[in-house]
2 protein chains.
Amino acid sequence: MDTKKAEKISKALADTTRLTILKEIKKSKDCLYCVDLNETLNLAQPSICHHVKQLVDTELIFSEKNGRNVRYSLNNKMLDEYISFIEGLKI
Amino acid sequence: MDTKKAEKISKALADTTRLTILKEIKKSKDCLYCVDLNETLNLAQPSICHHVKQLVDTELIFSEKNGRNVRYSLNNKMLDEYISFIEGLKI
DNA sequence: CTAATTTATCGAAAAATTTAAATAAATCAA
DNA sequence: TTGATTTATTTAAATTTTTCGATAAATTAG
């Protein structure tokens, strides 16, 4: 992972709402639907959409359309690559 | 590490300049002085100060006064704690 | 088909971050 | 002591991000 990508991932992780979304996905065992977030998060629907989009755009999560609904799942690989980058910063 | 702290660390890592500073510290083998950053980074001195402050405030780096100069070194422990937090997001 | 539901997009306001000029504070050199 | 050097702070402008109302698009239920 190059610095530019690491910067984008860091930015995606630099927000309580988005961290909460990631934790919700984990809690749901990779079976979280967008609708569920409307209940969990205290935000308007377009705001949630905006946050989710950043996680999808950085490939931290996958989104899969399922009828009217969209299901989110975690991209463990991307998190691992990010972790490797951070490890690489260490002395 | 709690979510609030992870958010702050992510925010500190979410900027090219600050990632460059961390890489410079690594390159210098933990012996980077503030003056050196003025040459490496293409930014005004107060801007550099602002970025360094964020890294110090989040305890990602230590700063040690040395006469007129300030030396920076990496806090590997904080990076490790952050990595653990990210690991914890995985399924 | 029509109405309801779910997600996405657009546009604008509010909030946060980045940047640098001006200047202060601390330390060193002569 | 005086002047030069290094770092920190204040303030303000520019930029970016967050938020939400309005609305569109897609799908399902009846």
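We name chains A, B, ... by the order of the sequence lines, and we start the count at 1 in each one. What's counted below: heavy atoms across the whole structure, side chains too, no hydrogens, waters or symmetry copies.
A donor-acceptor pair under 3.5 Å is absent between the side-chain atoms of Lys90(B) and the main chain of Lys77(A), judged by distance alone. A donor-acceptor contact shorter than 3.5 Å is absent between the side chain of Lys29(A) and the backbone of Ile91(B).
Taking atom NZ on Lys53(B) and atom C1' on dT9(D), their separation rounds to 10 Å, with Å as the unit. Leu13(B) has its CG atom 15 Å from the P atom of dT17(C), to the nearest Å. Between Glu64(A) atom CD and dA26(D) atom C1' there is a gap of 17 Å when expressed in whole angstrom units. For Arg71(A) and dA8(C), the CZ to P distance is 15 Å, given to the nearest whole Å. dA8(C) atom C1' lies 15 Å from atom CG of Leu37(A), rounded to whole Å. Rounded to whole Å, the distance from NE2 on His50(A) to P on dA12(C) is 17 Å. For the pair Leu41(A) CG and dT7(C) C1', the computed distance is 15 Å after rounding to whole Å. If you measure from atom OH of Tyr72(A) to atom P of dT6(C), you get 13 Å, rounded to the nearest angstrom.
Side-chain atoms of Cys49(B) lie closest to dT9(D) of the nucleotides dT9(D), dT18(C), dT9(C). The Gln45(A) side chain lies nearest to dA8(C) when the options are dA20(C), dT18(D), dA8(C). You'll find that the side chain of Lys65(A) is closest to dT27(D), out of dT5(D), dT7(D), dT27(D). Here dT27(C) is the nucleotide among dC20(D), dT27(C), dT18(D) with the atom lying nearest to any side-chain atom of Arg68(B). In this structure, the nucleotide among dT19(C), dT19(D), dT9(D) sitting nearest to the side chain of Leu43(B) is dT19(C). For Cys34(B), the listed nucleotide lying nearest its side chain is dT7(D); candidates were dA20(C), dC20(D), dT7(D). Looking at the side chain of Lys11(B), the nearest of the listed nucleotides dT18(D), dA8(C), dT17(C) is dT17(C).
Smallest separation of non-hydrogen atoms from Tyr82(A) and Ala6(A): CE1-O, 3.7 Å. Heavy-atom minimum distance, Asn75(B) versus Glu59(B): ND2-O, 2.8 Å.
The closest side-chain heavy-atom distance from Leu89(B) to Lys26(A) is not below 4.5 Å.
One finds a side-chain N or O of Asn69(B) lying less than 4.0 angstrom from the OP1 or OP2 phosphate oxygen of dT7(D). Taking only side-chain nitrogens and oxygens, Ser47(A) comes nearer than 4.0 Å to OP1 or OP2 of dC20(D).
Both Asn42(A) and Gly67(A) sit near DNA chain D, but only Asn42(A) has its closest nucleotide nearer the 5' end.
Using a 4.0 Å heavy-atom cutoff across all strands shown, His51(A) reaches sugar-phosphate atoms only and no base atom. Using a 4.0 Å heavy-atom criterion, one finds that Arg18(A) contacts the sugar-phosphate atoms exclusively.
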